[in-house]
Amino acid sequence: MTPGKEKTIAVIGAGIIGVTLARRLQREGWRVLLIDASEPGMGASFGNAGFIATDEILPLSHGISFGAVLKMLLNPMAPLTIRWQNFFSLIPWFWKFLKATRPNPMAKSAAALAALQSGALAAWNKTIREEALTPHVRRNGAMIVFETEKGFTQESAKFPFLDQHEIEYLVISGDQAREMIPELGPNITKAIYYPNGLHITDPLKVTKQIHDNFTRQGGQAIVDRISRFETKDGKLQALLGSKDAYKVDAAVLAAGHQSGDLLKTLGITVPLATERGYHVIVDHPPLKFDMTFGSHERGFFITPMADGLRLAGTVEFAPAGREFSENWKRAEILKIYVEKLIPGIAGKETSRWMGHRPTLPDFLPCLGKVPDLENLYLSFGHQHLGLTLAPVCAEIICNLVTTGKTALDISPFDIQRFQ
């Protein structure tokens, strides 16, 4: 489909995935409508750890057994939990998840994610230059720290795969880690340092800056909730919202955890769950480090940001597209954990947040076309990697929409893998 002033494409969803995609389409000559019921960047794009994790090339389910999942679910302080009232509704999702953790499916998912990540850093560097984001980016690497030898042994199982895909990393001692992050406590025994790691100091500001660049260049941002699609003869005709109907030549669904509900209006069911993530912002004294680091055993990240020290992580599985009250005990856990890692550094809490990470059972996103519709495309389900993968997925979908082709084989991300 050749873009031009007479061709209109809608992007449904104004998180970092949708905003970055809208901007890329605009640069390729499309007239773009960016539609969301909320202000840009107010979902998972607001509350992430700020870590552009281009070294994460293994699905989060890698090496996780059913027994390990069950053990974590039974421990309220574990990095992963679930409310028991949601357990039965999530059984179909967990069944698909367990099948995805078998050796052959896992190997295919890992290879697909690694291929997608291979272009992520270059795509981000391009976006940083084009959108003037340098003041919000720190290029000091990233670190995973370990309190136990068992934890390090578990993580070291990834090394052959990291080596295969030429990911740079360095195994260092606890003392070497403390040279880089002097605030680390004495209980840190080992660490893995990723020199190419980078982080964002204000994820919301970055999303809004890309959004503002989009509107300044003539892009149209619309606050509305799309409720269904109008189709005819295998082609999308219009998007129906609560305020208006939007006639378009094509559309991309990038609505995060709400994407499944919209697809149901087309008779398409996708096994989408939400990982309810939490973060807490705390005051701190002047820091001697400026990098993201994460705890293997405790499953959370600590990131210096413009508004304080962000403690982000833990996973609370829930059905997608449904709202439940926050479980602020998960936020309180983060404040306990940070004291174990950098004792005496975290000060008064200044804010807290809960949001939804859209996750599919194989921990791969949906990228590509909707079956039997020639002009409706998908980009959702990026789990913890939405910030990381936004620019590279924007390039992929933009090329697909504009030329019908992609440089990367995106068949592993096709929604039909679940049909």
Side-chain angles (χ1 to χ4, degrees), residues 9-26 32-50 131 136 200 202-216 219-229 239-246 248 251-265 272-279 281 305 307 310 312 316 318-326 331 351-359 365-366 378-387 389-390 393-394 397:
I9 187 167
V11 176
I12 307 168
I16 189 64
I17 296 293
V19 166
T20 308
L21 173 59
R23 186 73 168 124
R24 181 58 51 197
L25 288 163
Q26 182 185 56
V32 184
L33 308 181
L34 180 61
I35 307 173
D36 198 309
S38 302
E39 293 298 316
M42 294 307 296
S45 301
F46 173 87
N48 58 63
E131 308 300 336
H136 309 299
I200 301 293
D202 193 329
L204 178 61
K205 187 171 287 186
V206 162
T207 303
K208 285 190 171 182
Q209 183 163 321
I210 299 172
H211 175 271
D212 291 347
N213 293 344
F214 166 75
T215 56
R216 275 195 295 267
Q220 187 175 357
I222 299 169
V223 179
D224 197 359
R225 182 178 299 279
I226 301 302
S227 58
R228 63 187 178 92
F229 304 102
L239 308 174
L240 303 183
S242 58
K243 298 179 180 178
D244 207 345
Y246 308 94
V248 295
V252 185
L253 178 57
H257 76 287
Q258 297 175 332
S259 300
D261 288 341
L262 270 172
L263 286 174
K264 285 179 183 177
T265 67
L272 189 63
T274 177
E275 296 179 63
R276 289 157 51 97
Y278 293 80
H279 88 220
I281 301 288
M305 290 197 173
D307 57 350
R310 180 171 292 190
E316 183 185 25
R322 294 168 60 186
E323 295 294 334
F324 300 91
S325 60
E326 297 89 347
S351 66
R352 57 175 54 184
W353 171 91
M354 188 282 294
H356 304 269
R357 306 183 192 104
T359 303
C366 272
L378 305 172
S379 185
F380 68 85
H382 295 78
Q383 37 107 354
H384 295 249
L385 295 174
L387 180 65
L389 295 175
C393 288
I397 296 300

Task: Between CZ on residue Arg23 and CG on residue Leu34, distance to nearest 0.5 Å - done: 12.0 Å

TODO: Apply side-chain hydrogen bond (donor to acceptor under 3.5 Å, both in side chains) to Arg24 and list each qualifying residue two or more places apart in sequence or on a separate chain.
DONE: Glu130

Task: From His384 atom NE2 to Thr359 atom OG1, the distance as rounded to the nearest 0.5 Å - done: 5.5 Å

- [ ] Can you measure from CG (Asp36) to NE2 (His211) and round to the nearest 0.5 angstrom?
- [x] 9.0 Å

- [ ] Could you pull out the closest heavy-atom pair between Leu240 and Ala245, with the gap in Å?
- [x] CD2-CB, 3.6 Å

TODO: For Trp353 and Arg310, run side-chain contact (heavy atoms from CB on, under 4.5 Å): C-alpha distance rounded to whole Å, both residues' side-chain angles, the deciding distance at 0.1 Å, then the answer.
DONE: CA-CA 11 Å; Trp353 171 91; Arg310 180 171 292 190; over 6 Å; no

Open item on the list: In the structure I gave you, are the side-chain heavy atoms of Leu263 and Phe380 within less than 4.5 Å of one another anywhere?
Closed with: yes

Task: Spacing of Gln383 atom CD and Leu389 atom CG [to the nearest 0.5 Å] - done: 7.5 Å

TODO: Please round to the nearest 0.5 Å and tell me the distance separating atom NE2 of His136 and atom CG of Leu204.
DONE: 10.5 Å

Open item on the list: Side chains of Tyr246 and Ile12, heavy atoms from C-beta outward: is any pair under 4.5 Å?
Closed with: no

Open item on the list: Give me the atom names and distance for the closest heavy-atom approach of Ala221 to Thr215.
Closed with: CB-CG2, 4.0 Å

Task: Over all atoms of both residues, closest heavy-atom pair of Val19 and Pro40 - done: CG2-CB, 4.5 Å

TODO: Return yes if some donor-acceptor pair links the side-chain N/O of Glu131 with the main-chain N/O of Gln209 below 3.5 Å, else return no.
DONE: no

Task: Minimum heavy-atom distance between Ile200 and Met305, given as atom pair plus value - done: O-CE, 3.6 Å

- [ ] Drop me the distance from Thr207's OG1 to Met42's CE, to the nearest 0.5 angstrom.
- [x] 10.5 Å

TODO: May I ask you to decide if the ring planes of His257 and His356 are parallel, tilted or perpendicular, using 30° and 60° as cut-offs?
DONE: parallel

- [ ] Would you indicate whether the side-chain heavy atoms of Asp244 and Ile222 approach each other to under 4.5 Å?
- [x] no

Task: Heavy-atom closest pair, residues Asp224 and Ser242 - done: OD1-OG, 2.6 Å

Open item on the list: For Asp261, is there any backbone N or O sitting under 3.5 Å from a side-chain donor or acceptor partner on Thr265?
Closed with: no

- [ ] Examine distances only and state if a side-chain atom of Arg357 and a backbone atom of Asn48 form a donor-acceptor pair shorter than 3.5 Å.
- [x] no

Open item on the list: Side chains of Glu326 and Tyr278: any donor to acceptor distance under 3.5 Å?
Closed with: no

Open item on the list: Can you give me the closest heavy-atom contact between Gly47 and His279, atom names plus distance?
Closed with: O-ND1, 3.1 Å

Open item on the list: Check whether Ser45 reaches the backbone of Gly15 with its side chain - one donor and one acceptor, N or O, closer than 3.5 Å.
Closed with: no

TODO: Apply side-chain contact (heavy atoms from CB on, under 4.5 Å) to Phe214 and Val11, showing your working.
DONE: CA-CA 12 Å; Phe214 166 75; Val11 176; over 6 Å; no

Open item on the list: If we ignore hydrogens and angles and just use 3.5 Å, is the side chain of Ser379 paired with the main-chain N or O of Ala254 as donor and acceptor?
Closed with: no

Task: Side chain proximity check, Leu21 to Val32, heavy atoms < 4.5 angstrom - done: no

Open item on the list: I'd like to know if the side chain of Thr20 reaches the main chain of Ile17, judged simply by a donor and an acceptor atom lying under 3.5 Å from each other, with no hydrogens or angles considered.
Closed with: no

Open item on the list: Please check this pair: side chain of Lys243 against backbone of Val223, looking for a donor-acceptor N/O pair closer than 3.5 Å.
Closed with: yes

